Amino acid sequence: QVQLVESGGGLVQAGGSLRLSCAASGRAFSDYAMAWFRQAPGKEREFVAAVAWRGRSTYYTDSVKGRFTISRDNAKKTVYLQMNSLTPEDTAIYYCAADFGGPGSRERRAYNFWGQGTQVTVSS
């Protein structure tokens with residue numbers, strides 16, 4: 001079991017940056033693939049980025065490549081999402097998710113554990 005708590009969301013102007021954090025509790029954090037998903041109003045939850053359980057591979061949806069960076073600190077049991085050059089289209093609730101032993105899937109159903117989400121709002 002792992003519990004996830006996101007933080008770092010907020011209101012930012014277009015072109016600005018935010019760094020989201022997801023703190024995990026429980027055992028064997030390094031054995032979990034970690035991901036960020038987001039859900040905008042009226043839309044389905046979508047994949048944003050993932051890092052494999054060994055942290056050697058990262059994956060991004062096309063719309064954030066070159067702007068967002070996912071990273072993990074296993075000693076701190078924390079995964080981060082650095083978001084740069086934000087646009088209003090990035091406005092959503094951002095969720096952290098964990099998948100034991102996973103490769104860093106883009107599929108929601110691969111992830112067993114979810115945080116409560118943190119709101120990111122980008123103004124134009």
Side-chain angles (χ1 to χ4, degrees):
Q1 290 282 343
V2 62
Q3 292 77 44
L4 305 172
V5 179
E6 302 97 334
S7 62
L11 174 64
V12 64
Q13 289 188 334
S17 299
L18 282 174
R19 188 176 80 155
L20 305 183
S21 299
C22 173
S25 60
R27 299 173 61 184
F29 172 77
S30 60
D31 291 339
Y32 287 83
M34 301 298 297
W36 290 94
F37 288 75
R38 66 186 180 186
Q39 188 167 16
K43 295 186 177 181
E44 293 191 354
R45 195 172 299 187
E46 65 172 358
F47 171 79
V48 176
V51 55
W53 71 280
R54 292 190 176 185
R56 294 176 183 174
S57 299
T58 57
Y59 308 92
Y60 299 92
T61 193
D62 286 346
S63 63
V64 308
K65 285 181 181 177
R67 300 189 299 123
F68 291 11
T69 302
I70 188 170
S71 62
R72 64 190 300 161
D73 185 332
N74 289 336
K76 294 183 178 180
K77 296 185 179 180
T78 301
V79 63
Y80 304 98
L81 185 68
Q82 177 66 45
M83 306 186 294
N84 299 327
S85 302
L86 286 160
T87 74
E89 288 68 36
D90 296 314
T91 295
I93 300 174
Y94 283 70
Y95 297 90
C96 175
D99 171 27
F100 183 79
S105 174
R106 298 169 182 265
E107 300 295 328
R108 284 181 56 184
R109 61 177 179 265
Y111 295 87
N112 307 103
F113 306 101
W114 293 83
Q116 82 290 348
T118 185
Q119 176 71 49
V120 171
T121 303
V122 184
S123 63
S124 58

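Please read all numbers here as calculations on a predicted model, not as lab measurements. All residue numbers in this chain count up from 1 along the given sequence.
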Is a donor on one side and an acceptor on the other found under 3.5 Å between the side chain of Thr118 and the backbone of Tyr94? no
Side chain Lys77, main chain Gly26, donor-acceptor under 3.5 Å: yes
I need the Thr78 OG1 to Phe29 CZ distance, nearest 0.5 Å. 6.5 Å
May I ask you to decide if the ring planes of Phe113 and Tyr32 are parallel, tilted or perpendicular, using 30° and 60° as cut-offs? perpendicular
For the residue pair Val120 and Leu20, what are the closest heavy atoms and their distance? CG2-CD2, 4.0 Å
Closest heavy-atom pair, Val79 versus Met34, reported as atoms and distance to 0.1 Å, is CG1-CE, 3.9 Å
Spell out, yes or no, whether Val122 and Ile93 are grouped together once hydrophobic residues are joined by side-chain heavy atoms under 4.5 Å, including indirect joins. no
Which residues satisfy the side-chain hydrogen bond (donor to acceptor under 3.5 Å, both in side chains) test with Ser17, sequence neighbours excluded? Asn84
Quick one: do Thr87 and Glu89 satisfy side-chain hydrogen bond (donor to acceptor under 3.5 Å, both in side chains)? Show the steps, please. CA-CA 5 Å; Thr87 74; Glu89 288 68 36; 3.1 Å; yes
Side chain of Arg67, backbone of Ser85: donor and acceptor closer than 3.5 Å? yes
In one Ile/Leu/Val/Met/Phe/Trp/Tyr side-chain cluster, 4.5 Å: Phe47, Phe100: no
Between Glu6 (side chain) and Gly117 (backbone), is there a donor-acceptor pair under 3.5 Å? yes
Heavy-atom closest pair, residues Val2 and Ala24: CG2-CB, 3.7 Å
Going by heavy atoms in the side chains, are Gln119 and Leu11 under 4.5 Å from each other? no
So do the side chains of Trp114 and Arg45 get within less than 4.5 Å of each other, counting heavy atoms only? yes
Do Phe37 and Tyr111 have their ring centres less than 6.0 Å from each other? yes
Point-to-point distance, once rounded to the nearest 0.5 Å, from OH of Tyr80 to CG of Asp73: 5.0 Å
Is atom CD of Gln116 surrounded by more than 12 heavy atoms (other residues, nucleotides or ligands) closer than 6.0 Å? yes
Are any side-chain N or O atoms of Arg72 and backbone N or O atoms of Ala52, one a donor and one an acceptor, separated by less than 3.5 Å? yes
Contacts of Ser25 that satisfy side-chain hydrogen bond (donor to acceptor under 3.5 Å, both in side chains) - sequence neighbours left out: Gln3
Which pair of heavy atoms, one from Tyr59 and one from Ser57, lies closest together, and at what distance? OH-CB, 3.3 Å
Can you tell me how far CE of Met83 sits from CZ of Arg19, rounded to the nearest 0.5 angstrom? 11.5 Å
Kindly give the heavy-atom pair with the smallest separation between Val64 and Val48, and that separation in Å. CG2-O, 3.7 Å
Candidate pair Trp53 and Ser30, rule side chain to side chain contact (heavy atoms under 4.5 Å, CB included), full reasoning: CA-CA 6 Å; Trp53 71 280; Ser30 60; over 6 Å; no
Leu86-Tyr95 co-clustered via ILVMFWY side chain contacts under 4.5 Å: no
Rounded to the nearest 0.5 Å, how far apart are OG of Ser63 and CZ of Arg38? 4.5 Å
What pair of heavy atoms forms the shortest contact from Pro103 to Asp99, and how long is it? CD-OD2, 4.1 Å
Without swapping roles, check the side chain of Tyr60 against the backbone of Ile70 for a donor-acceptor pair under 3.5 Å. yes
